[in-house]
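Just below is one structure, and these are the notes that go with it.
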Amino acid sequence: MDVTLHLAQDPQADALLGRSPLAALVGMLLDQQVPMEWAFKGPRTIADRLGAEDLDAHEIAAMDPESFAALLSDKPAVHRYPGSMAKRVQQLCQYLAEHYDGDAEAVWRGVGSGAELLKRLQDLPGFGRQKAQIFLALLGKQLGVAPRGWREAAGAYGEAQSFRSVADITGPESLAKVRAHKQEAKAAAKAAKAAGA
C-alpha cells in the first residue's frame with residue numbers, strides 16, 4: 001500500500017494513511033462524532049506520541065490501557081472521547097494480533113469477493129455494517145483493493161462519484177461535496193423525524 005490519500009487534509013497524516021493499513025483502519029475507527037479530518041489525523045498523532053514512524057498492532061495491543069488512554073487524552077486529544085476510543089483502538093489491535101498476526105493488510109490481502117471482505121471488516125471490533133461498507137469503498141476506490149463484487153458489497157458507498165463518504169475524498173473540492181451530502185442526509189432525517197412526531 002503506497003498511495004496518496006487526502007482524508008486528514010494534512011500531508012504527514014495523509015502520507016501515513018496511504019502507506020499504513022493499520023493507520024487507515026484506526027482512522028476509520030476514529031471517524032465518528034468528530035470531523036473527518038480530526039479522526040484521520042489521529043493515527044499520525046498516536047504514532048508521534050509513541051515515538052514511531054508507524055502504528056504497530058502488537059505494541060498497541062500490549063500497552064497498559066490507562067497509559068494508552070492517557071496518550072490519546074493528551075492535548076490536543078486524539079478524539080472527543082479519548083478514553084473510550086483508546087479502548088476501541090486497543091480492541092482492534094488485539095483482534096488483529098490474534099487473528100492476523102498483527103498484519104492489518106491481511107484483512108483484505110487475497111480476499112476472493114467483496115462479500116467476504118465486507119464480512120471480514122464487519123468482524124473487526126468497532127466496525128458495524130456502515131463503517132465496514134465505507135472502508136470497503138475506500139479500499140476499492142482509492143487503495144486498489146477491488147475483489148469481485150466489491151461495489152455491490154459496499155452498497156451506495158461503492159457507487160462511482162457518489163460523494164457519500166471518506167471513500168470519495170480526494171481533495172478539498174470532494175471533501176466539500178461529501179460534507180454537503182452529509183448535511184443533506186442529516187436535514188432529511190431530521191425532517192422525517194419531525195413529520196413522524
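- Leu17 and Val34 fall into different hydrophobic clusters, where Ile, Leu, Val, Met, Phe, Trp and Tyr are joined by side-chain heavy atoms under 4.5 Å apart, directly or via other members.
- Counting all heavy atoms, side chain and backbone alike, Ala153 lies closest to Ala115 at CB-N, 3.9 Å.
- When atom types are taken as modelled, the side chain of Arg49 and the backbone of Asp74 share a donor-acceptor pair closer than 3.5 angstrom.
- Within a 6.0 Å sphere centred on CZ of Arg109, heavy atoms belonging to other residues, nucleotides or ligands number more than 12.
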As a quick check of understanding, evaluate side chain to side chain contact (heavy atoms under 4.5 Å, CB included) for Leu117 and Leu121, giving each step before the final call. CA-CA 6 Å; Leu117 180 50; Leu121 291 169; 4.1 Å; yes
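- Following chains of ILVMFWY side-chain contacts shorter than 4.5 Å, one can reach Val178 starting from Leu5, so the two form part of one hydrophobic cluster.
- Once rounded to the nearest 0.5 Å, the distance linking CD1 of Ile60 with CD of Gln91 reads 13.5 Å.
- Shown here for Pro82 and Ala77, the closest heavy-atom pair between the two residues is CG-CB, 4.3 Å.
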Start with the C-alpha gap between Leu22 and Cys93, add the side-chain angles, then the distance that decides, and say whether side chain to side chain contact (heavy atoms under 4.5 Å, CB included) holds. CA-CA 8 Å; Leu22 179 56; Cys93 289; 4.2 Å; yes
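- Separating the CG atom in Leu71 from the CD1 atom in Ile46 is a distance of 7.0 Å, to the nearest 0.5 Å.
- For Glu59, the CD atom sits in a packed shell: over 12 heavy atoms of surrounding residues, nucleotides or ligands are nearer than 6.0 Å.
- Under the 4.0 Å criterion applied to side-chain N and carboxylate O atoms, Arg120 and Glu116 are assigned as salt-bridge partners.
- The backbone N or O of Tyr157 lies less than 3.5 Å from no partner atom in the side chain of Gln133, so there is not a single donor-acceptor pair.
- By the 4.5 Å heavy-atom criterion applied to side chains, Pro65 and Lys87 are not counted as neighbours.
- Between the Trp38 side chain and the Val78 main chain, a donor and an acceptor come within less than 3.5 Å of each other.
- The backbone N or O of Glu66 sits less than 3.5 Å from a side-chain atom of Asp64, completing a donor-acceptor pair.
- The shortest non-hydrogen separation linking Asp14 to Ala8 is OD1-N, 2.7 Å.
- Judged purely by atom type and a 3.5 angstrom limit, Gln142 uses its side chain to pair as donor or acceptor with the backbone of Ile169.
- Of the possible donor and acceptor atoms, none in the side chain of Asp101 sits under 3.5 Å from a partner among the backbone N and O of Ala97.
- Rounding to the nearest 0.5 angstrom, the gap separating the CG atom in Leu136 from the CD atom in Gln122 is 10.0 Å.
- When all heavy atoms of Leu16 and Ala23 are compared, the pair lying nearest together is CG-CB, 3.7 Å.
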Intermediate values then yes/no, side chain to side chain contact (heavy atoms under 4.5 Å, CB included), Met28 and Val166: CA-CA 9 Å; Met28 189 72 230; Val166 298; 4.1 Å; yes
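- Judged purely by atom type and a 3.5 angstrom limit, His79 uses its side chain to pair as donor or acceptor with the backbone of Leu30.
- Arg88 contributes no side-chain N or O that, together with a main-chain N or O of Leu29, makes up a donor-acceptor pair within less than 3.5 Å.
- Checked options Arg179, Lys141, Lys177; the residue passing with Asp168 is Lys141 (criterion: salt bridge (charged side-chain N to carboxylate O under 4.0 Å, His left out)).
- There is no side-chain donor-acceptor pair under 3.5 Å between Glu105 and Tyr100.
- For Ala167 against Ile134, the heavy-atom pair with the smallest separation is CB-O, 4.0 Å.
- The aromatic rings of Trp108 and Phe135 are tilted relative to each other, their planes meeting at an angle between 30° and 60°.
- In this structure, CH2 in Trp150 is found 9.0 Å from CG in Leu139, a value given to the nearest 0.5 Å.
- The structure places CZ of Arg44 at 9.5 Å from OG of Ser20, a figure rounded to the nearest 0.5 Å.
- To the nearest 0.5 Å, atom CE of residue Met63 and atom CG of residue Asp56 are 11.0 Å apart.
- For the residue pair Gly27 and Pro43, the shortest heavy atom distance occurs at N-CG, 3.5 Å.
- Val89 and Tyr95 end up in the same hydrophobic cluster when Ile, Leu, Val, Met, Phe, Trp and Tyr side chains are linked at under 4.5 Å.
- For Lys131, the NZ atom sits in a packed shell: over 12 heavy atoms of surrounding residues, nucleotides or ligands are nearer than 6.0 Å.
- Side chains of His99 and Val107 form no contact here, defined as non-hydrogen atoms less than 4.5 Å apart.
- No side-chain donor-acceptor contact under 3.5 Å links Arg151 to the backbone of Ala146.
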